[in-house]
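Working notes, structure below.
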Amino acid sequence: MTIQATLDRDITPAGEDYDLVRKTIERISLDYRAQPSLEEIAADLQVSPGRLQKTFSRWAGLTPKAFLQAVTLDHARRLLGHERLPLLDASYELGLSGPGRLHDLFVTHEAMSPGDFKTGGDGLEIQYGFHPCPFGTAVLLATSRGLCGLAFADPGGEAAALEDMARRWPGARLVQDQQATAGYVERIFSPQQWRADQPLRIVMIGTDFQVRVWEALLKIPLGQASTYHDVACAIGKPTAARAVGAAVGRNPISFVVPCHRALGKSGALTGYHWGITRKRAMLGWETGCAQSAAV
DNA sequence: ATCGGTATCCATC
DNA sequence: GATGGATACCGAT
């Protein structure tokens, strides 16, 4: 079956709403400089302002107007405010995303070096699937041990995104299995389902340095951001900001390992493998999560 | 505020 | 050892 056929066939609960939210996020993230009004956006998407407002708020946890605010450069700078404490806090030694933050996506991970992967994972089977999510089409890859890859695709770019991922594990056997990956998407993009007692299992395959960087990213709380420089400090290599940037860019499980929470020191969103617009959208979306969690 | 050039460091190949 | 960044910094607009 072709990828397109899969996408056409794939049904998710509230699929239409998902699409509406995705398009709204995209429109605002792309056009935030022009400060589009609710009415304008609603007209573009051919829905009533009321419906847009309601649907969007339910998913994103904040109104389109608030999201627009949450997406500005100014806001990104503000996210940098409290990053030092959590990164340097010894209670995060376990490498978990941390106790006591019930509203964060809770993750346990195991790491595999490329060497381990080659011997231990020879002929490893990776299941993959495509699913709509607020940031476009998500491509998920999982082994029996847990999630090992998450990528994003624009419409039409699904095959390329999968290919981009597949290159990382040339030896593995890839099998499409929508059912196997469907459960992951639902959990990952529905904050209501984040539970500390049922951690999401992920497998990080990378060099020692990369894994240390990715672990550091996992310690940045939802709704906050850190800088490449500070991540470098957190792993004990204060001068390695640039190398950190390179490692962040290789993160195979985007969003779950929150590489979008790493910014330049100025607060600029310096880069993102899946597009700066997506990075901006994720930070805005998370701001909404953080706000509703605080209530 | 933004832009561009430069210094420098480190992980990779 | 060579290479090249999802950097940081500084100075000019």
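In this text, all values refer to a predicted model and were calculated from it rather than measured experimentally. The sequence lines fix the lettering, A, B, ..., with proteins before strands; numbering per chain opens at 1.
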* To do: Would you check if the side chain of A:Thr72 reaches a backbone N or O of A:Gln69 as a donor-acceptor pair within less than 3.5 Å?
  => yes
* Asked: Where the side chain of A:His260 meets the backbone of A:Lys279, is there a donor-acceptor pair that is under 3.5 Å apart?
  -> no
Are [X] and [Y] side-chain neighbours, meaning at least one heavy-atom pair lies under 4.5 Å?
X: A:Phe67; Y: A:Ser29; answer: yes
X: A:Leu68; Y: A:Gln35; answer: yes
X: A:Tyr128; Y: A:Met165; answer: no
X: A:Ile202; Y: A:Leu150; answer: no

* **Separation of C:dA6 C1' from A:Arg280 CZ (nearest whole Å)** => 14 Å
* Taking CD1 from A:Ile276 and C1' from C:dA6, how many angstroms apart are they, rounded to a whole number? -> 7 Å
* **Pairs meeting criterion salt bridge (Lys or Arg N to Asp or Glu O under 4.0 Å) with involvement of residues 28-43 of chain A, two or more places apart** => A:Arg27-A:Asp31
* Structure fact -> 5' to 3', nucleotides 6-13 of chain B under a 4.0 Å protein heavy-atom cut-off (B base, S sugar-phosphate only, - none) gives -BBSSSS-
* Is there a donor N/O on one and an acceptor N/O on the other, under 3.5 Å, for the side chain of A:Tyr228 and the base of C:dA6? -> yes
Scan nucleotides 9-13 of chain C against the protein and return all N/O pairs shorter than 3.5 Å with their distances rounded to 0.1 Å.
none

* Structure fact -> Sequence neighbours excluded, the answer for salt bridge (Lys or Arg N to Asp or Glu O under 4.0 Å) partners of A:Arg212 is none
* For A:Lys23, enumerate each residue passing the salt bridge (Lys or Arg N to Asp or Glu O under 4.0 Å) test, keeping only those at least two apart in sequence or located in another chain. => A:Asp19
* Asked: When the aromatic ring centroids of A:Trp59 and A:Phe189 are compared, is their separation below 6.0 Å?
  -> no
* Structure fact -> A correct dot-bracket answer for DNA chain C, with pairs being Watson-Crick or G-U at under 3.5 Å, [ ] for crossing pairs and | for inter-strand pairs, is |||||.|||||||
